[in-house]
Amino acid sequence: FISKHNLKTHTAVTLCTGQMMPMVGLGTWKSAPGQVGLVKQAVLTALNCGYRHIDCAAAYGNEQEVGEALAVWISPGKVRLREEVFVTSKLWNTKHDPEDVEQACRTTLTHLGEEMMPRRADGTICYSDVHYKDTWRAMEALVDQGLVKAIGLSNFNAKQVDDIISVARHKPAVNQVECHPYLSQTDLLQHCRSVVTAYSPLGSRDRPWASPDQPNLLEDPRLEDIAHRYQKTPAQVVLRWHIQRGVVCIPKSVTPSRIQQNLEVLDFCLSPDDMKLMESMNRNERLIKVWRDSNHPYFPFHDPY
Ligand code: NAP
């Protein structure tokens, strides 16, 4: 996935499949498609800065633009290889029926747009209620066929992770969950034997339902103080905290200067005291908890972790 040359500038983790996953990737949720190529530009900026990990999902509705950026970046003389870039995508919740899994994967692979939120007459989303163990078997077939190199989980709680491990032929390589200093996920981290990827690693200030009375992680005075001492930005301190905990992170940005600074987190080290201080900021506060979905039989967030 990443060449030896790139390894010098990247901290990476090795997945149970043997592949290397860079510990900082670019998030692409809310990077709206079509806005004069905003996502495409963000991905190109990131690749040119040295990112080699892009986090996508069919549900973000912009995979086609991510694909266009990858094609542009790879094409000149084919000097750069697609294999250098670790790309994550996610099977959406309407596609859990084993019969739908391969087609959904192929759709993502060809970067086609599709309807992500088909609704019933009462407005609820037609999520699949197939058991996730059955979905996993179909995802394992994607590995067998060589369509994907590794498969993982997202938003699985500890019990659900164990359910999968108890049946898996191909173990989950990653569990991607919400994680930041206000939701430090210490229990889940201890429980997961796979790599954990932190989504919303900076506290997702641009989440559509954020309200002004909710605290803004990146403006937390404790964080500003630490950042000042290390001559870094609060965002860089948070990303460094994730890395020192061994957690992969995928900060989203469409701002070139931030895309750049979010990768500049390998040249300093937080002291054990500052790591402890940041752990103490935990509020067990889930920012991305979609109550719309809480009646689903496998809704993961009723358990504490
Ligand atoms: P996030 O990365 O925590 O925060 C994004 C926000 O932070 C944006 O408003 C961005 O602004 C701003 N930002 C980025 N770098 C900054 C910096 N250096 N200084 C100040 N502000 C900065 O939020 P997220 O998008 O929720 O999470 C990241 C990625 O995780 C997503 O994009 C997606 O790929 C993934 N995700 C996965 C799931 C899942 O269920 N698996 C759920 C949520 C998210 P600008 O863009 O304007 O620069």
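Read the numbers this way: they start at 1 and go in the same order the structure lists the ligands and their atoms.
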Suppose I only count heavy atoms of [X] and a 4.0 Å limit; which atoms of ligand 1 are within that range?
| X | result |
| --- | --- |
| P201 | 2 (O), 3 (O), 27 (O), 28 (C) |
| V254 | 45 (P), 46 (O), 48 (O) |
| D55 | 33 (C), 34 (O), 35 (C) |
| L218 | 20 (C), 21 (N) |
| A235 | 17 (C), 18 (N), 19 (N) |
| T255 | 45 (P), 47 (O), 48 (O) |
| P251 | 2 (O) |
| T28 | 32 (O), 34 (O) |

The single option from Q244, R222, R229 passing side-chain hydrogen bond (donor to acceptor under 3.5 Å, both in side chains) against D274: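 Filter result, single survivor: R229.
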In the protein, what heavy atom is nearest to [atom], and what distance, to one decimal place, separates them?
| atom | result |
| --- | --- |
| atom 18 (N) of ligand 1 | N262 OD1, 2.9 Å |
| atom 40 (O) of ligand 1 | N155 ND2, 2.8 Å |
| atom 28 (C) of ligand 1 | I250 O, 3.1 Å |
| atom 25 (O) of ligand 1 | K30 NZ, 2.8 Å |
| atom 32 (O) of ligand 1 | W29 N, 2.8 Å |
| atom 6 (C) of ligand 1 | D206 OD1, 3.5 Å |
| atom 23 (O) of ligand 1 | S204 CA, 3.3 Å |
| atom 36 (N) of ligand 1 | Y60 OH, 3.2 Å |

Between [X] and [Y] (salt bridge meaning N to carboxylate O under 4.0 Å), is one present in this structure?
| X | Y | answer |
| --- | --- | --- |
| R240 | D267 | no |
| K252 | D55 | no |
| D134 | R137 | yes |
| R245 | E279 | yes |

Structural part of S200 in contact with ligand 1, heavy atom criterion under 4.0 angstrom: both
Rounded distance (nearest 0.5 Å) linking atom OG of S154 with atom CG of L91: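 S154 atom OG to L91 atom CG measures 11.0 Å (nearest 0.5 Å).
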Y298-I165 co-clustered via ILVMFWY side chain contacts under 4.5 Å: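 Same cluster: Y298 reaches I165 through Ile, Leu, Val, Met, Phe, Trp or Tyr contacts under 4.5 Å.
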Any donor-acceptor N/O pair, N284 side chain to L183 backbone, under 3.5 Å: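 Not a single qualifying donor-acceptor pair exists.
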Closest heavy-atom pair and its distance - Y51, N262: OH-CB, 3.3 Å
Sub-4.0 Å heavy-atom approach of R207 to ligand 1: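 The answer is no, since R207 has no heavy atom less than 4.0 Å from ligand 1.
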Nearest-option assignment for atom 10 (C) of ligand 1, heavy atoms, candidates K90, Q236, K252, R205: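 Looking at heavy atoms only, K252 sits closest to atom 10 (C) of ligand 1.
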Residue selection (non-hydrogen contact nearest atom 20 (C) of ligand 1) among K232, Q176, R258: R258
Test salt bridge (charged side-chain N to carboxylate O under 4.0 Å, His left out) applied to D129 - qualifying residues, sequence neighbours left out: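 D129 satisfies salt bridge (charged side-chain N to carboxylate O under 4.0 Å, His left out) with no other residue.
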Whether over 12 other heavy atoms sit under 6.0 Å from Q145 CD: yes
Geometric cation-pi criterion, R52 with F86: 6.0 Å, 45°: no
Residue pair W92, Y127: steps toward the ring pair (Phe, Tyr, Trp, His ring centres under 6.0 Å) verdict: CA-CA 9 Å; W92 181 229; Y127 287 143; 5.6 Å; yes
Backbone or side-chain N or O of T233 under 3.5 Å from ligand 1 N or O: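 No; the residue has no nitrogen or oxygen that sits under 3.5 Å from a nitrogen or oxygen of the ligand.
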